[in-house]
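Quick notes on the structure that follows.
Everything numeric in this text was worked out from a predicted model, so none of it was measured. Letters go in sequence order (proteins before strands), and every chain restarts at 1.
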Amino acid sequence: MYRSAIYEEPLLNELVISKKEKINSFDKIPKTLQRKKNIDIPNLDETQIVRHFHRLSQMNYGIDTGIYPLGSCTMKYNPKLCEEIASWGKFNNTHPCQDISTVQGNLKILFELERMLCEITGMDFFSLQPAAGAHGEFLGMLLTRAYHEDRNQGSRDEVILPDTSHGTNPASVSMAGYKLIEIASNKDGTVDLKMLKDALSEKTACFMLTNPNTLGIFESEILKISKMVHDAGALLYYDGANINAIMGKARPGDMGFDIVHLNLHKTFATPHGGGGPGSGPVGVKMKLEKFLPIPRIGKTKEGNYVFDYDAPESIGKIRAYYGNFSVLLKAYIYILMMGSDGLREASEIAVLNSNYMKKKILDSKLYDMPYKDIRKHEFVLSCEKLKQVKGIRAMDVAKRLLDYGFHPPTVYFPLIVKEALMIEPPETESKNDIDRYVDAILKIANEDPEIVKSAPNNTSVNRVDEVSASKNPILTWKMI
Amino acid sequence: MKFVPNSSIKTIMLEELGLNKIEDLFLDIPKDIKIKNLNLPCGLSQQETERKLRKIVGKNRSCNDFLSFLGGGIKSHYIPAIVKSITSRSEFYTSYTPYQSEASQGFLQAMFEYQSMIAEITGMDVANCSLYDGVTSLSEAALMCTRITRKKNFIMPHNISWEKKCVLSNYAKGPGIKIKEISYNSKTGKIDIDELKRKINGDTSGVYIENPNFFGIFEDDIDEISEIVKKSGSLFVVGVDPISLGITKSPGEYGADIVIGEGRGLGNTMNFGGSSLGIYACKNELLRQMPGRIIGVTKDIKDKRAFCMTLQTREQHIRRAKATSNICTNEGLCALAAVVYLSWLGSEGFFNISKINFENGEKLAKLIASLPGFKLKFKSTHFNEFVVEYSDDVKKLNKILLQNGIFGGLTLEEFYPELENCMLIGTSEVHTDDDFEKFVSSLKEVSYV
Ligand SMILES: Cc1ncc(COP(=O)(O)O)c(C=O)c1O
């Protein structure tokens with residue numbers, strides 16, 4: 001069973017042996033810009049630094065440590081070959097402004113990846129520029145605006161989304177200057193068609209949907225939804241965070257979605273890096289192509305790859321250069337290795353794992369699962385009963401799982417489930433690990449509430465006081 | 001070997017669910033949209049995959065193969081081996097955003113140290129633990145200026161990269177921010193202060209200045225600029241190349257409210273332009289309007305020091321539509337590389353690297369300016385990039401350099417028509433005197449052709 005190392009590891013600035021007093025001055029730059037005092041960064045030996053960060057790493061849980069079933073995050077194994085290839089100097093030491101003839105390898109990969117993603121999603125064109133899912137959403141909103149303005153429908157200023165949506169959805173909507181209309185889900189946990197109908201109007205620019213949604217439920221009425229949205233003159237946006245449930249089974253393009261983003265750092269096995277870098281490519285239907293960011297990647301008759309900046313109606317750019325190339329490269333390698341059968345099987349087993357785990361937990365009757373029963377790659381439990389009966393909250397269960405050596409699920413999301421535990425065991429998890437996880441989660445429900453509420457006890461620190469961290473922010477070592 | 005361990009026991013698992021076939025798990029997808037398979041090739045073995053990628057990468061020439069003088073915000077820097085050794089610890093790179101702090105103390109502490117160092121070198125009170133890149137950092141800064149001042153005119157120099165302008169104009173659309181540009185002085189390459197005075201007013205939300213600017217030049221009238229901005233009641237946003245901060249004053253010392261920059265140069269490879277590292281730091285009083293993840297220090301219930309994500313009520317997962325930004329996934333691993341790199345340098349090494357970058361810039365500029373047919377476009381002190389004007393077609397020049405195994409500078413006339421036949425040349429600590437010799441003799445040869 002996993003146990004975190006426990007070090008009282010000092011901060012880098014606390015490792016300093018002696019401080020230098022002489023001021024490093026440099027008088028060749030203009031006087032007004034010359035430094036008057038030394039920068040206070042510790043001067044340490046490489047040995048000290050390596051040990052420091054090595055120890056820190058041992059107080060950190062990654063996928064290589066064990067199961068990491070964070071719902072909505074698709075924490076699947078990150079193949080080592082992808083890392084290895086992405087670190088080749090001929091890839092990672094290319095400058096984005098090199099002569100195009102010297103980066104034909106890079107462009108081939110980007111060009112082919114765009115086509116692969118088109119096939120997987122059923123969209124017509126892709127842009128690889130967005131740095132993450134939320135960035136893709138923002139691009140989606142810019143495309144939406146460009147599309148409506150082009151049709152003299154610029155007065156459409158509302159975007160509708162269900163109350164199960166991820167926080168980045170409403171944030172991207174308002175960042176792009178749209179008014180947000182949130183509709184409540186129905187008793188099945190899916191889109192309430194009547195609510196949607198009432199919300200749609202000549203003001204609607206777009207309806208954003210995740211499918212399967214964040215409860216793990218497939219929106220079976222999707223074709224009806226799509227028709228309603230399009231009849232109202234609006235666009236349909238697909239948050240692709242959950243596409244790991246349906247690869248090779250169904251495609252958002254065929255469901256009627258006009259704009260799609262994917263999270264390569266979820267579905268396509270690129271590592272999350274402790275927060276990033278990610279990649280959030282955006283696919284569109286033909287009618288939106290002309291608005292995609294520049295440069296587009298093209299191929300000449302002679303078979304040379306080129307950057308095409310000639311797109312007068314393009315929205316322009318949303319970041320520097322062409323996207324997070326290192327991440328795109330890893331996703332490309334992953335798709336090559338998986339192939340069509342591999343991707344389909346990944347989705348099949350992800351859904352199988354999730355349903356298997358769900359059944360084992362629900363059979364115990366210790367946790368409830370509100371809303372419709374049939375789920376895809378993830379499911380959302382409620383700890384409300386535990387809370388009522390034993391005072392154990394979702395957060396307590398999460399922390400206690402750490403004592404058993406497991407990473408907890410996502411907690412308190414989506415917001416419509418009380419005391420939510422959102423569990424996603426991707427296809428890369430084995431039955432053994434899933435069984436052990438289930439054992440732990442069931443055991444916790446039967447434990448002495450005091451033990452559960454005081455967890456964790458086997459981690460490098462005990463339960464962290466996040467409230468005082470916010471009340472009295474100490475954000476640098478100078479502030480300590 | 002497809003990373004799907006339960007593939008071989010799926011029938012057993014299905015049985016436990018009382019199902020016959022996998023298809024039974026997908027009955028909720030309407031028939032009309034179901035597909036049989038994707039039209040993609042069959043999967044390759046790892047060995048085949050590696051072979052294929054070797055063939056593809058063979059079409060690339062990298063900055064290891066060629067001598068590169070490309071700049072424009074991104075250039076080759078030396079990366080000590082320790083960086084990859086740490087960032088490839090898979091406890092770090094295979095972890096998610098540290099929502100569960102007790103299982104993520106390592107990454108959290110490293111990010112806290114990153115914030116501390118970024119705050120120190122920029123002279124700001126606080127820093128977040130990364131945005132997507134330097135360009136989106138500028139855009140987020142413009143949004144933050146409007147949130148704080150409730151004003152909608154943002155001022156920036158004409159001479160910033162075209163990509164920054166393009167991205168900023170997109171981020172500005174939401175709140176309806178108007179962007180005004182200030183020209184540069186055609187002799188000095190520095191911002192035209194009189195024009196700034198004319199354009200700044202009570203409706204200005206913020207003023208953006210780059211130091212060194214896009215032409216590599218130090219804006220040394222910075223105190224005057226700072227005073228003008230302060231007087232107008234708007235916020236002062238400064239963009240930096242972090243490497244330059246080893247020798248220059250920090251922007252905090254000359255009055256910046258927000259400091260942004262591209263941090264890739266701190267221990268991260270170029271990766272064809274991505275990944276990247278958006279640096280974002282500001283004064284304490286602006287903290288609650290800051291975008292992005294922030295790590296704080298606190299205690300656990302046994303009074304032991306502990307780290308956690310903090311001020312999360314600014315963020316999308318709590319505040320949703322009213323969040324300070326939509327950012328969720330950031331560039332954490334690049335920030336980890338940066339903090340490892342900075343600690344490897346220490347303040348001594350940081351000063352030295354900065355000094356070498358300046359000195360190499362100075363040396364190379366002198367060498368090139370002494371060649372017939374070449375002159376420096378601006379007469380001002382610059383850092384590790386500078387603008388050279390050539391007496392003939394620079395594009396042709398670059399093509400010939402390429403044949404000699406050299407990536408020449410970035411040509412500028414596409415974006416600045418007034419800078420015909422000019423190129424922005426970049427250098428750094430990676431170049432030796434021999435490299436300069438090779439570049440200069442190639443230039444000499446070419447210009448005699
Ligand atoms: C459903 C959903 N949408 C959007 C996002 C945002 O993606 P990213 O973190 O890549 O910006 C996430 C990520 O957590 C998500 O789960």
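With chain A as partner, the option from B/S130, B/G58, B/C334, B/S325 having the largest number of non-hydrogen pairs under 4.5 angstrom is B/S325. Among B/Q100, B/K302, B/K84, the residue making the largest number of heavy-atom pairs under 4.5 Å with chain A is B/Q100. Ranked by heavy-atom pairs shorter than 4.5 Å toward chain B, the options A/D254, A/I318, A/N78 are led by A/I318. Among A/Y178, A/Y322, A/F218, the residue making the largest number of heavy-atom pairs under 4.5 Å with chain B is A/F218. Most heavy-atom pairs under 4.5 Å with chain A, from the set B/T381, B/I247, B/L311: that is B/I247. For the set A/K359, A/R145, A/K249, the entry with the most heavy-atom pairs within less than 4.5 Å of chain B is A/K249. Listed options B/D65, B/D223, B/I327 were ranked by heavy-atom pairs under 4.5 angstrom with chain A; first place goes to B/D65. Contact count against chain B (heavy-atom pairs under 4.5 Å) is highest for A/E119 among A/Q104, A/M59, A/E119, A/E345. Per-residue counts of heavy-atom pairs under 4.5 Å with chain A were compared for B/F218, B/F351, B/F66, B/F358; the largest is that of B/F351. The candidate with the highest count of non-hydrogen atom pairs below 4.5 Å against chain B, out of A/I246, A/L328, A/T410, A/I315, is A/I315. Among the candidates A/N13, A/I39, A/I335, the residue making the largest number of heavy-atom pairs closer than 4.5 Å to chain B is A/I39. For the set B/K173, B/K355, B/H317, B/E262, the entry with the most heavy-atom pairs within less than 4.5 Å of chain A is B/K355.
Using the six-membered ring where Trp is involved, A/F91 and A/F325 have ring planes that are tilted, between 30° and 60° apart. In this pair, A/H135 and B/Y171 present their aromatic rings tilted. The plane angle is within the 30 to 60° band.
In this structure, the portions of A/S326 lying under 4.5 Å from any heavy atom of chain B include both its backbone and its side chain. Contact of A/Y68 with chain B is made through the side chain alone, with heavy-atom distances under 4.5 Å. Interface remark: A/K360 contributes side-chain atoms only to the contact with chain B (heavy atom separation under 4.5 Å). In this structure, the portion of A/H265 lying under 4.5 Å from any heavy atom of chain B is its side chain and not its backbone. Looking at A/I222, only its side chain comes within 4.5 Å of chain B, counting heavy atoms on both sides. Residue A/R319 touches chain B through both its backbone and its side chain, counting heavy-atom pairs closer than 4.5 Å. For A/L70, the part sitting under 4.5 Å from any heavy atom of chain B is the side chain, from C-beta outward, and nothing else. Proximity to chain B (any heavy atom under 4.5 Å) is shown, for A/V327, by neither the backbone nor the side chain. When heavy atoms are compared at a cutoff of 4.5 Å, A/L402 approaches chain B solely by way of its side chain, counted from C-beta outward. At a 4.5 Å heavy-atom cutoff, the contact between A/W88 and chain B is made by side-chain atoms alone. Only the backbone of A/E429 comes within less than 4.5 Å of a heavy atom of chain B; no side-chain atom from C-beta onward does. Interface residue A/A320: backbone and side-chain heavy atoms are both found under 4.5 Å from chain B. In this structure, the portions of A/E427 lying under 4.5 Å from any heavy atom of chain B include both its backbone and its side chain. At a 4.5 Å heavy-atom cutoff, A/I217 makes no contact with chain B through either its backbone or its side chain.
Salt-bridge check for A/K376 with B/D28: passed, with a basic side-chain N closer than 4.0 Å to an acidic carboxylate O. Contact check on A/E8 versus B/R305 returns no salt bridge, with no Lys/Arg side-chain nitrogen under 4.0 Å from an Asp/Glu carboxylate oxygen. A salt bridge between B/K399 and A/D99 is present, with a side-chain N of the basic residue lying under 4.0 Å from a carboxylate O of the acidic one. Using a 4.0 Å cut-off between a side-chain N of Lys or Arg and a carboxylate O of Asp or Glu, B/E253 and A/K36 do not qualify as a salt bridge.
Neither side chain, A/E83 nor B/S88, offers a donor N or O lying under 3.5 Å from an acceptor on the other. Of the N and O atoms on the side chains of A/N93 and B/S62, not one donor lies less than 3.5 Å from an acceptor on the other residue. Between the side chains of A/H272 and B/T329, at least one donor N or O lies within less than 3.5 Å of an accepting N or O.
Closest approach of A/A86 and A/N92 over heavy atoms only: O-CB, 3.7 Å.
Using modelled atom types, one side-chain atom of B/N60 and one backbone atom of A/G105 make a donor-acceptor pair closer than 3.5 Å. Looking only at distances, a side-chain donor or acceptor of A/R35 sits under 3.5 Å from a matching main-chain atom of B/L245. Side-chain atoms of B/S101 do not come within 3.5 Å of backbone N or O of A/V464 as any donor-acceptor pair. Remark: the backbone N or O of B/R61 is paired with a side-chain donor or acceptor of A/Q98 at under 3.5 angstrom.
Between B/I86 and A/L56, the closest side-chain pair of non-hydrogen atoms is not below 4.5 Å.
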